[in-house]
Amino acid sequence: MPSDPPDFRRPDDHRPVLRFAPSPNGRLHLGHALSALTNEAMAERLGAALLLRIEDIDLARCRPELAAGIMADLEWLGIRFDGAVRRQSEHFDDYRGALARLRAKRLIYPCFCSRQNLRRDAGAREAQTGKPWPTDPDGAPLYPGRCSAMGIPEAEQRIAAGEPHVLRLDMAAALALAGGDLHYPLFDSAGLESVARADPARWGDVVLARKDTPTSYHLSVVVDDALQGISPVVRGQDLAAATDIHVLLQHLLGLPTPRYHFHPLLLDDEGLKLAKSRDSISLAALREAGDTPESIRRLLGFA
Ligand code: GLU
């Protein structure tokens, strides 16, 4: 029998703190503007502080000039943020600390598999079983667990030899330690509160630290949301499934679980999510074409 969802309402809740947290690996597009403006409107409604966090852990793809461009776009849109901007690339020690705590609980292990090998593995298993290899909610093949059984001496030897590796969460061990159903408080666009059940198992052994980065999106977002006292977390519906991992990590690290609100996404003419990778129109291009902050706000329903 699943346990009853816990009651997350706290009578002593202090002033809420919201955040907009873009990654500077491209310019902002209309989808980001929607997210930033949703945060602004929500902060106003709740009397909350609104912080800006630059999620630039990917040092190969995130560039300082793109971060500067994002800040210029947000200023142009007229969104005001409270407090100092937090840049994740300046806080790797915080994420290393969280990793060390998970390591002490024996919840992470090094994985030496390349993406190419993983794809090949999945293909071979599909051929063997005649069934599609399971994928995570983002469509990536679930990790088959090849390195999870590796003995510590072999892993240490390969690390000492400089072999590139990532660090993965041992999902089965993490769920066993969490011991039971995980939930998080949620509210919809009408403000209706509910409690969602998190199902982190569907993500398999997720990567928590990459080859050249001592962290990952999942780990740093959880550490920062807690450090900055963020609640509610207001972000796009596309990150709803990843919240399952975040709630598990909060549990394992002894961090509070914020309330969550996932806003609808802006879709392009083909019904696809706007994304930098698909060259969706940037705010900078719209500005050059004559759009104003008012016209963008009106277009997105915030006038
Ligand atoms: N940095 C993420 C992005 O740009 C958003 C993170 C979040 O809101 O949790 O997609």
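Both ligands and their constituent atoms are indexed starting at 1 by order of listing. Counting from 1, the numbers follow the sequence of the chain as shown.
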Check ion pair Asp73-Arg287 (N to O, under 4.0 angstrom):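 Looking at Arg287 together with Asp73, the answer is yes, because their closest N to O distance falls below 4.0 Å.
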Using a strict 4.0 Å cut-off to heavy atoms of [X], name the atoms of ligand 1 that fall inside it.
| X | answer |
| --- | --- |
| Arg19 | 7 (C), 8 (O), 9 (O) |
| Glu55 | 1 (N), 2 (C), 5 (C), 6 (C) |
| Val221 | 9 (O) |

Does anything in residues 220-235 form a salt bridge (charged side-chain N to carboxylate O under 4.0 Å, His left out)? List the pairs, not counting sequence neighbours.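 Every pair satisfying salt bridge (charged side-chain N to carboxylate O under 4.0 Å, His left out) with a residue in residues 220-235: Arg19-Asp225, Arg53-Asp224, Arg53-Asp225, Arg86-Asp224.
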Using the salt bridge (charged side-chain N to carboxylate O under 4.0 Å, His left out) rule, collect all pairs that involve residues 289-298, keeping only residues at least two apart or in two chains.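 Qualifying pairs, neighbours excluded: Glu40-Arg297.
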Below 3.5 Å, N or O to N or O, backbone or side chain included: is there any such pair between Arg235 and ligand 1?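 Between Arg235 and ligand 1 (N or O atoms, distance only) the closest approach is under 3.5 Å.
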Close N or O approach (Leu239, ligand 1; < 3.5 Å):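 Min N/O separation from ligand 1 is not below 3.5 Å for Leu239.
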Distance check, rounded to the nearest 0.5 Å: Arg63 atom CZ versus Asp58 atom CG?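 One finds 11.5 Å between CZ of Arg63 and CG of Asp58.
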May I ask you to check whether Tyr217 and His246 place their ring centers less than 6.0 Å from one another?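 For Tyr217 and His246, the ring centres are under 6.0 Å apart.
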Examine ligand 1 and decide if any of its atoms is less than 4.0 Å from a heavy atom belonging to Phe20.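 No, Phe20 has no heavy atom closer than 4.0 Å to ligand 1.
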